[in-house]
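Here the structure is a predicted model, which is why all the values come from computation and not from measurement. Every chain is numbered from 1, with letters handed out A, B, ... down the list of sequences. Excluded from the calculations below are hydrogen atoms, water molecules and symmetry mates; all remaining heavy atoms, backbone and side chain alike, are included.
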Protein chains: 2
Amino acid sequence: MTTPLDPEMFDPVCPSGLMPFRVGDKWTGMIIQCLADGPRRFSELRVPLRNITPKVLTKSLRALERDGFVVRTESAGAPRHVAYRLTPLGRSLLGLLDAARAWAQEHLHEVLDAREAASGSRLPR
Amino acid sequence: MTTPLDPEMFDPVCPSGLMPFRVGDKWTGMIIQCLADGPRRFSELRVPLRNITPKVLTKSLRALERDGFVVRTESAGAPRHVAYRLTPLGRSLLGLLDAARAWAQEHLHEVLDAREAASGSRLPR
DNA sequence: CCGCATCCTATTCGATACTG
DNA sequence: CAGTATCGAATAGGATGCGG
C-alpha cells in the first residue's frame with residue numbers, strides 16, 4: 001500500500017509532454033498516478049517528479065484540492081507530516097488516465113513518426 | 001455526412017475550459033469533434049468555435065496536421081477551397097474524447113461544487 | 001476564401017533563496 | 001519537513017490589419 005514511489009516511474013525518454021493529452025496542468029496527471037495506491041507525503045511526491053520545484057508542486061496540489069480530487073491532511077508533530085490522498089472523485093479519473101495510456105501504447109509511435117516525417121519535408125506554405 | 005455544423009455545438013455556458021482535460025491546445029478537442037462526421041472547410045470550422053481568430057485556428061490545424069491527426073486538401077479554383085479531414089489516427093482519438101465527455105457528464109458537477117465550496121471557505125494557509 | 005504578419009497581454013513554468 | 005517569496009524566460013492566446 002505504501003511502498004516507496006519508483007523514482008523512474010516517469011520515463012524521461014517518453015515524457016508526457018509528448019502526449020497529446022493533459023489532465024489539469026503539466027504535473028497533475030503524474031501526481032494522480034503517484035497517489036493511485038495510497039496517500040503520499042509532499043517530499044515523497046517530489047521523488048518521481050524529479051525536478052519539480054516545491055512552488056510548482058504546491059500550486060498543482062492546491063488546484064487538485066480546490067477541485068475536490070485530493071485531500072490534504074496534516075498530522076501534528078515535529079517534524080511536520082502532511083499527506084495527500086485521492087478522493088473518490090479523484091479516483092474516478094484513474095480510468096480515464098488508463099484509457100489515455102492505452103491509447104498512447106497503441107498510437108503514440110504513429111504521432112512521433114508523423115512528426116518526424118513532417119520535420120523532414122520542409123515545404124512551408 | 002456534411003450537414004452544417006451546429007453553431008451552438010459548444011455550449012458557452014459549459015466551456016471545455018472548465019474540464020480538467022485537454023487534448024492538444026485549447027481548441028484541438030473541439031476541432032476533432034467538428035471533423036468527426038466528415039471533412040470541413042476552414043471557415044466552416046470557425047462557426048461553432050465562435051470567436052476563434054484565423055491565426056489561432058490555423059495554428060491548431062497545422063499542429064494536428066504535423067502530428068498526423070488531420071489531412072489538409074486544397075482543391076484548385078477561385079475562391080479557394082480548403083478542406084480538413086480526420087485520418088484514421090485522428091479518429092482513434094474519438095473514443096477517448098467520448099470517454100472524457102462521459103466522465104464530465106457524470107462528475108463535472110462535483111468539481112464545480114467543490115470549487116464553489118472552496119471559494120466560500122477562505123482560510124488561506 | 002484562406003490565410004500570414006505584427007503586436008500585445010496573461011499565464012505557466014522554473015531557478016533561487018528563505019522560513020515556521 | 002513543507003512550504004513561501006521573488007524574479008525571469010518562454011509560451012499561449014488574442015486583436016488587428018494586410019495579401020494572394
Side-chain angles (χ1 to χ4, degrees), chain A residues 2 4-5 10 12 15-18 20-31 34-35 39-66 70-85 122-125, chain B residues 4-5 10 12 15-20 22-31 34-35 39-47 49-67 70-85 123-125:
Chain A
T2 27
L5 290 169
F10 302 106
S16 65
L18 295 178
F21 310 102
R22 295 222 1 211
V23 186
D25 67 19
K26 178 176 175 184
W27 301 101
T28 305
M30 290 182 262
I31 293 172
C34 291
L35 298 178
R40 297 291 180 180
R41 306 182 55 172
F42 188 87
S43 34
E44 210 176 353
L45 289 171
R46 297 189 63 187
V47 176
L49 315 175
R50 261 173 304 267
N51 292 323
I52 198 172
T53 63
K55 170 191 147 182
V56 174
L57 179 54
T58 299
K59 199 186 166 214
S60 296
L61 287 170
R62 293 283 186 269
L64 284 165
E65 224 187 328
R66 177 179 53 90
V70 157
V71 288
R72 174 186 182 274
T73 20
E74 180 165 4
S75 344
R80 283 167 87 182
H81 185 111
V82 178
Y84 295 89
R85 87 171 103 275
R122 273 269 167 268
L123 295 185
R125 250 184 304 274
Chain B
L5 290 169
F10 302 108
S16 65
L18 296 178
M19 289 263 292
R22 300 243 329 231
V23 186
D25 67 18
K26 178 176 176 184
W27 302 99
T28 306
M30 290 182 261
I31 294 173
C34 291
L35 299 177
R40 297 290 180 180
R41 305 182 56 175
F42 189 86
S43 34
E44 209 175 354
L45 288 172
R46 296 189 64 188
V47 177
L49 315 175
R50 263 174 299 268
N51 293 324
I52 198 172
T53 63
K55 171 190 149 185
V56 174
L57 179 54
T58 299
K59 196 186 167 211
S60 296
L61 286 169
R62 292 285 184 270
L64 284 165
E65 225 187 325
R66 176 179 53 89
D67 287 352
V70 158
V71 288
R72 173 185 184 274
T73 24
E74 181 165 4
S75 343
R80 284 167 86 182
H81 185 109
V82 178
Y84 295 89
R85 86 171 101 277
L123 296 185
R125 253 185 299 278

### Task
May I have the distance from Tyr84(B) (atom OH) to dC1(C) (atom P), rounded to whole angstrom?
14 Å
### Message
Taking 4.0 Å as the cut-off, does a side-chain nitrogen or oxygen of Arg41(B) come that near to OP1 or OP2 on dC2(C)?
### Response
yes
#### Entry: 4.5 Å side-chain heavy-atom contact, Arg40(A) and Leu5(A)
yes
### Message
Just the rounded figure in Å: distance from C1' of dT16(D) to CG of Leu57(B).
### Response
17 Å
### Task
Using atom CZ of Arg50(A) as one end and atom C1' of dA15(C) as the other, report the distance to the nearest whole Å.
19 Å
### Query
Between the side chain of Arg50(A) and the main-chain N/O of Phe10(A), is any donor-acceptor distance below 3.5 Å?
yes
#### Entry: Nucleotide nearest Ser43(A) when distance is taken to its side chain, options dC1(D), dC2(C), dT4(D)
dC1(D)
## Note on the structure
Ile52(B) atom CD1 is separated from dG3(C) atom P, nearest whole Å, by 12 Å
### Protein-nucleotide distance (Ile31(A), atom CD1; dC13(C), atom P), rounded to Å
11 Å
### Task
Give the rounded distance in Å between these two atoms: CG of Leu61(B) and P of dC1(C).
16 Å
### Query
Backbone N or O of Ile52(A) within a donor-acceptor pair of the Arg46(A) side chain at under 3.5 Å?
yes
#### Entry: Check: Phe42(B) and Leu57(B) side chains under 4.5 Å, non-hydrogen atoms
yes
### Message
If I take atom CZ in residue Arg40(A) and atom P in nucleotide dC1(D), what distance separates them, rounded to the nearest angstrom?
### Response
16 Å
### Query
What closest approach, in Å, do Leu49(A) and Ile31(A) show between heavy atoms, and which atom pair accounts for it?
CD1-CG1, 3.9 Å
### Message
Need to verify one output field. Residue with the more 5' nearest nucleotide on DNA chain C, Arg80(A) or Thr53(A)?
### Response
Thr53(A)
### Summary
Looking only at heavy atoms, the pair that brings Arg80(B) and Arg41(B) closest together is O-NH2, 3.2 Å
Protein-nucleotides 10-12 of chain C N/O pairs closer than 3.5 Å?
unit_1: dT12(C); atom_1: OP2; unit_2: Lys59(A); atom_2: NZ; d: 3.4

### Message
Tell me the interatomic distance from Arg62(A), atom CZ, to dA2(D), atom P, rounded to whole angstroms.
### Response
12 Å
### Task
Report yes if some heavy atom in the side chain of Leu64(B) is under 4.5 Å from a heavy atom in the side chain of Tyr84(B); otherwise report no.
no
## Note on the structure
Contacts of Val82(B) and Trp27(A) projected onto DNA chain C by closest heavy atom; the upstream (5') one is Val82(B)
